[in-house]
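Read through the structure below, which is laid out as structure tokens, and then see the notes.
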Amino acid sequence: MTDPVNVLVAVAWPYASGSRHIGHLAGAYLPADIYARQQRLAGNRVLMVSGSDVHGTPIAVRAEAEGVTPQDIVDRYHGEIVQQWEQLGISWDLYTTTGTEHHARVTQEMFLTQLENGHIDKRTSDQFFDPEVERFLPDRYIEGECPHCGYGDARGDQCDNCTRTLDPTDLLNPRSKLSGATPQKRETEHFFYRYSDFNDKLRDYLEDKSDWRPHVVNFARGWLEDEGLLDRAITRDIDWGIDIPVDDLGPGKKIYVWYDAVIGYLSASQEWAASDRNSSGDADAWKDWWENPDSRHVYFIGKDNIPFHALFWPAQLMGAGNLHLPDSIPANQYVTFKGDKVSASRAVGNTIAEMLEVFEPDSLRFALSAALPEQADTDISAEEIARRINEELVATWGNLVNRVLSMVNKNCDGQVPDTPGSAPEDLELLASIDQSFIEASAQFEQAELKAALRTAMKSAQAANGYLNATEPWKLQKTDPVRASEVLHTALSAINGTRVLFAPFLPFTCGRLDEILGEPSGWARDELVAGTPIDKPTPMFAKVELAAEEENSA
RNA sequence: GGCGACGUAGCUCAGCUGGUAAGAGUGCUCGACUCAUAAUCGAGAGGUCGUGGGUUCGAGUCCCACCGUCGCUACCA
């Protein structure tokens with residue numbers, strides 16, 4: 001066994017502006033949780049952190065529209081998100097928000113360090129302003145007629161009709177999305193992060209990342225071609241956000257959400273270390289991950305986040321001193337729902353809440369795990385989820401456990417028999433299960449979780465095949481001793497396979513822990529003879545979709 | 001417009017740095033079995049690997065063009 005590694009499992013920060021959907025779940029949160037659980041079983045020290053991103057224009061604008069405070073909006077959705085993590089069994093070491101005082105302080109400290117290091121400077125630029133609501137407008141909040149296709153509701157950054165990229169000044173008859181007023185150009189002063197200082201270092205950094213997924217590393221490298229990263233403003237004209245730690249700019253300005261949100265990985269690690277969730281009690285424990293070159297940082301994000309995590313965040317870290325850079329960014333592609341991109345706004349059966357009404361958590365986790373968009377966009381539907389559950393999870397794994405536990409209960413006095421088998425087929429089955437651990441380890445190492453799930457399924461199939469070949473229900477009548485050897489072997493196979501499934505199916509594997517005992521680690525343990533085996537109840541129920549779901553989903 | 005990824009059996013997907021006669025699950029057909037949630041196991045049928053060129057002794061795998069899908073394009077996050 002190798003020494004434990006400190007693994008940081010960093011997960012994209014969900015924006016607390018609305019409900020999350022299964023695209024988010026399959027894209028980042030579920031794979032992160034599966035990976036973290038396996039790494040813990042493998043004996044590594046895992047720190048899995050994230051939180052709700054609470055700042056930014058959309059939340060401020062929405063609050064204004066509803067006549068409530070931004071914090072009200074945040075509380076509503078943060079609460080909903082946290083509850084869903086609970087229901088789904090997402091095993092955070094800490095799930096916090098960017099709204100804490102601690103996070104603000106860490107952000108400000110990092111800002112000051114980078115300022116001192118000469119990577120932040122002040123610049124003046126023109127920005128559109130809505131005179132009616134007295135607010136500076138992001139490009140997206142300016143609408144007008146597209147100069148290319150004449151579409152009337154083109155946004156300042158892009159025309160939804162002809163998909164061309166625009167600049168707000170391109171729009172004919174521009175108007176504010178907020179009030180309809182004609183935007184005015186106003187001069188405004190902001191702090192800029194000198195991302196261009198880091199182009200060479202970033203190229204070096206990405207040099208040895210050829211084992212990353214092609215769409216991740218190619219995309220990141222593409223940004224660095226030609227002139228590379230440009231300097232970007234990291235403050236905004238808005239009153240909802242983190243205070244700038246120097247007051248040169250005057251009031252009405254805050255730190256830009258994207259600059260602060262990624263700092264959450266660091267601030268949340270520190271918050272965890274100082275909290276009672278950290279059993280060591282050492283408030284400096286976060287340094288074992290962030291100031292330790294031997295630690296491993298894995299970022300689970302959707303593909304829309306690649307530039308921020310592969311480029312901007314590393315550049316911010318480089319400018320702040322000696323902090324650990326991302327080692328791996330297994331960004332997922334998108335889940336599509338019957339061919340369409342999943343979006344919470346389109347409603348119809350694809351928010352996490354709606355899915356949880358129809359499917360049990362482990363069943364949903366299984367179906368999504370089997371369809372993770374690791375290489376390419378992956379299409380899914382309620383019928384497909386139900387099929388995965390009924391034809392694969394229930395039939396192969398659920399039924400295997402049920403048939404073996406039933407036979408042991410009936411034929412072995414309701415307890416684990418003390419009759420390990422040593423026939424060639426017995427040894428062969430268990431050897432193949434043990435081999436699966438090695439195979440799955442390599443797959444987890446590469447964050448190929450779909451493949452790891454297939455490895456677990458293969459083990460279940462091997463055990464099913466073994467039972468069909470040995471037929472213990474017949475042996476029971478002719479050779480009861482051999483029958484109990486076969487059942488011991490089959491139960492041993494389950495004892496290993498349930499560990500292979502544990503990262504994916506925490507709830508039902510937890511029920512098996514209660515029966516068979518907690519696994520000692522990422523391996524198949526020997527059975528303890530005499531352990532009581534009651535008549536089992538099925539772990540998973542088959543699902544039947546209502547006709548309505550089939551039509552709408 | 002620019003950039004990137006993808007386009008492989010009915011369906012959902014694997015195929016790493018080019019090399020045994022193209023894979024998995026599911027579905028379909030046939031057979032075995034009946035311990036088990038009408039579950040399981042075995043066998044079989046099913047693909048000119050988007051299209052057209054090129055490189056190579058050899059390409060699903062590399063290059064070019066085209067078609068299609070999706071994403072990103074830095075002031076939404």
Side-chain angles (χ1 to χ4, degrees), chain A residues 12-17 53 55-59 61 125 127-128 136-142 148 155-158 162-165 168 190 195 210-211 213-216 218-223 225 229-233 236-238 256-258 261 302-308 311-312 333-334 336 339-341 370-381 383-384 387-388 390-392 394-396 398-408 410-411 446 448 450-451 454 457-458 461 463-469 471-474 476 483 487 490 536-542:
Chain A
W13 290 58
Y15 195 51
S17 64
D53 180 3
H55 296 129
T57 306
I59 287 177
V61 167
S125 62
Q127 185 73 267
F128 283 97
F136 277 93
L137 296 167
D139 290 356
R140 282 221 168 180
Y141 283 74
I142 300 167
H148 303 288
R155 295 190 317 242
D157 57 341
Q158 189 179 47
C162 66
T163 74
R164 276 186 227 251
T165 304
H190 281 291
Y195 288 99
S210 297
D211 58 329
R213 294 178 184 169
H215 71 271
V216 179
N218 287 344
F219 190 66
R221 285 173 179 166
W223 276 58
E225 278 169 17
L229 295 191
L230 308 176
D231 302 336
R232 298 176 83 191
R236 289 289 183 279
D237 293 285
I238 186 175
Y256 174 44
V257 271
W258 254 115
K303 64 174 161 183
D304 52 330
N305 268 334
I306 292 170
F308 295 100
L311 298 166
F312 298 148
Q333 311 253 9
Y334 286 144
T336 56
D340 290 325
K341 187 184 170 187
L372 292 176
E374 290 172 348
Q375 318 289 341
D377 291 353
T378 297
D379 202 50
I380 207 167
S381 63
E383 294 94 316
E384 176 71 2
R387 187 197 65 71
R388 292 263 190 205
N390 293 341
E391 309 297 336
E392 298 178 21
V394 174
T396 303
N399 182 57
L400 170 68
V401 173
N402 207 44
R403 71 195 292 210
V404 171
L405 291 186
S406 291
M407 279 190 278
V408 171
K410 228 182 297 177
N411 301 331
Q446 294 298 312
E448 291 174 354
K450 246 193 322 194
R454 242 175 282 130
M457 286 295 277
K458 252 187 1 200
Q461 285 167 334
N464 275 321
Y466 168 85
L467 288 171
N468 279 51
E471 302 185 308
W473 51 91
K474 284 186 181 169
Q476 192 58 37
L487 289 179
T537 51
M539 291 191 293
F540 312 98
K542 283 201 170 193

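In the text below, chain A, chain B and the rest are named by the order of the sequence lines, each starting its count at 1. When reading the values below, keep in mind they use all heavy atoms of this one structure, side chains included, and skip hydrogens, waters and symmetry mates.
Distances shorter than 4.0 Å separate some side-chain N or O of A/Arg140 from OP1 or OP2 on B/C76. Contact check, A/Asn402 against B/U37: a side-chain N or O comes under 4.0 Å of OP1 or OP2. In this structure, A/Lys542 reaches the B/A39 phosphate: one of its side-chain N or O atoms is under 4.0 Å from OP1 or OP2.
Side chain of A/Trp473, nearest nucleotide from B/U34, B/U37, B/U73: B/U34. Closest to the A/Lys410 side chain, of the nucleotides B/U40, B/C76, B/C35, is B/C35. Picking from B/U37, B/U26, B/A77 the nucleotide with the shortest atom distance to the side chain of A/Phe308 gives B/A77. For A/Gln127, the side-chain atoms get nearest to B/C75 when compared with the rest of B/C35, B/C75, B/U34.
A/Arg403 is linked by a salt bridge (Lys or Arg N to Asp or Glu O under 4.0 Å) to nothing, counting only residues two or more places apart in sequence or in another chain. With sequence neighbours left out, A/Glu448 forms a salt bridge (Lys or Arg N to Asp or Glu O under 4.0 Å) with no residue at all. A/Arg454 pairs by the salt bridge (Lys or Arg N to Asp or Glu O under 4.0 Å) definition with nothing, not counting sequence neighbours. With sequence neighbours excluded, the residues forming a ring pair (Phe, Tyr, Trp, His ring centres under 6.0 Å) with A/Phe136 are A/Phe129, listed by chain and number. Among residues two or more places apart in sequence or in another chain, the side-chain hydrogen bond (donor to acceptor under 3.5 Å, both in side chains) test is passed with A/Asp231 by A/Arg123, A/Ser196. A/Lys410 meets the salt bridge (Lys or Arg N to Asp or Glu O under 4.0 Å) test with no other residue; sequence neighbours excluded. Scanning for side-chain hydrogen bond (donor to acceptor under 3.5 Å, both in side chains) contacts around A/Asp377 gives A/Lys303, with sequence neighbours left out.
Distance, A/Glu392 CD to B/A39 C1': 14 Å, rounded to whole Å. Protein atom CG of A/Asn464 is 9 Å distant from nucleotide atom C1' of B/A36, rounded to whole Å. As a whole-Å value, the separation of A/Asn399 CG from B/A36 P is 10 Å. Put simply, CG on A/Leu467 is 16 Å from P on B/C33, counting in whole angstrom units. What separates CE of A/Met407 from P of B/C33 is a distance of 17 Å, to the nearest Å. One atom, CH2 of A/Trp223, and another, C1' of B/C72, lie 7 Å apart when rounded to the nearest Å.
Residues A/Tyr256 and A/His190 form no side-chain contact, since every pair of their non-hydrogen atoms from C-beta on lies 4.5 Å or further apart.
For A/Phe312 and A/Trp258, the ring centers sit 6.0 Å or farther from each other.
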Pairs under 3.5 Å (Watson-Crick or G-U), crossing ones as [ ], inter-strand ones as |: RNA chain B comes out as (((((((..((((.....[...)))).(((((.......))))).....(((((..]....))))))))))))....

Counting primed atoms, P, OP1 and OP2 as sugar-phosphate and everything else as base, the B/S/- map of nucleotides 2-18 of chain B against protein heavy atoms under 4.0 Å is --SS------SSSS---

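Comparing A/Tyr15 and A/Ala395 by the nucleotide of RNA chain B whose heavy atom lies nearest to each, the residue mapping closer to the 5' end is A/Ala395.
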